[in-house]
Amino acid sequence: GALWQVLFFIGLLEIPFLLTLANGSVDGTGNVGFDPLGLKSDRRAVTEIKNGRLAMIAISGMTHHYFLTGKGPVQFITQIPNFKSCANAAVETGLCV
C-alpha cells in the first residue's frame, strides 16, 4: 500500500548517501555533494550537528516520558492544575480563539 510507496521513495533519497558511505568519504556532516547555493561551511556544519543532537535528545526525552507515564505531551499538559481555567480565560479574553 501507501506505506511501501513512502518507504521506497525515502530509500531512493538515501542512494547518494549510501554511495558516499561505500566510498568511505563520510565526514559526519550530512554532505552528499548537493550544495547549489554554496552554503556549506565548517561553522554551519558544527551548528547543524549540534542542532541534530539536541533534537535527538528532545525526542528521546519525550519518548521516555511516554513510556514511563503512558501519556503523550498533549494529554500531560491538559492535566496540569489550573490549565483548563487558564485556557478558558484565554478564550474569554480573546487571546486564544
Side-chain angles (χ1 to χ4, degrees):
L3 177 64
W4 291 108
Q5 292 175 357
V6 170
L7 292 176
F8 178 73
F9 181 70
I10 291 172
L12 288 177
L13 293 176
E14 291 293 327
I15 289 175
F17 172 73
L18 294 174
L19 293 174
T20 307
L21 185 64
N23 293 338
S25 60
V26 176
D27 59 355
T29 62
N31 182 15
V32 292
F34 180 75
D35 189 17
L37 299 176
L39 297 175
K40 180 171 170 41
S41 68
D42 290 335
R43 180 174 180 249
R44 188 174 288 259
V46 170
T47 303
E48 199 61 35
I49 290 171
K50 288 182 178 182
N51 286 339
R53 289 177 181 165
L54 181 62
M56 287 187 284
I57 290 170
I59 291 295
S60 66
M62 288 172 40
T63 305
H64 283 91
H65 179 268
Y66 175 75
F67 288 146
L68 291 175
T69 64
K71 298 175 186 169
V74 175
Q75 291 173 333
F76 182 74
I77 199 169
T78 56
Q79 294 178 354
I80 294 175
N82 295 328
F83 175 78
K84 293 179 183 176
S85 62
C86 291
N88 290 337
V91 171
E92 291 170 3
T93 58
L95 296 174
C96 179
V97 182

ILVMFWY network linking L19 to L12, side-chain heavy atoms under 4.5 angstrom: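 Cluster IDs for L19 and L12 match.
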
Heavy-atom donor-acceptor pair, H65 side chain to G61 backbone, under 3.5 Å: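 Judged by distance alone, no pair lies under 3.5 Å.
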
Atom pair [atom1]/[atom2] of [X] and [Y] - distance to nearest 0.5 Å:
{"X": "N51", "Y": "R44", "atom1": "CG", "atom2": "CZ", "value": "11.0 Å"}
{"X": "L21", "Y": "I15", "atom1": "CG", "atom2": "CD1", "value": "13.5 Å"}
{"X": "L54", "Y": "I49", "atom1": "CG", "atom2": "CD1", "value": "14.0 Å"}

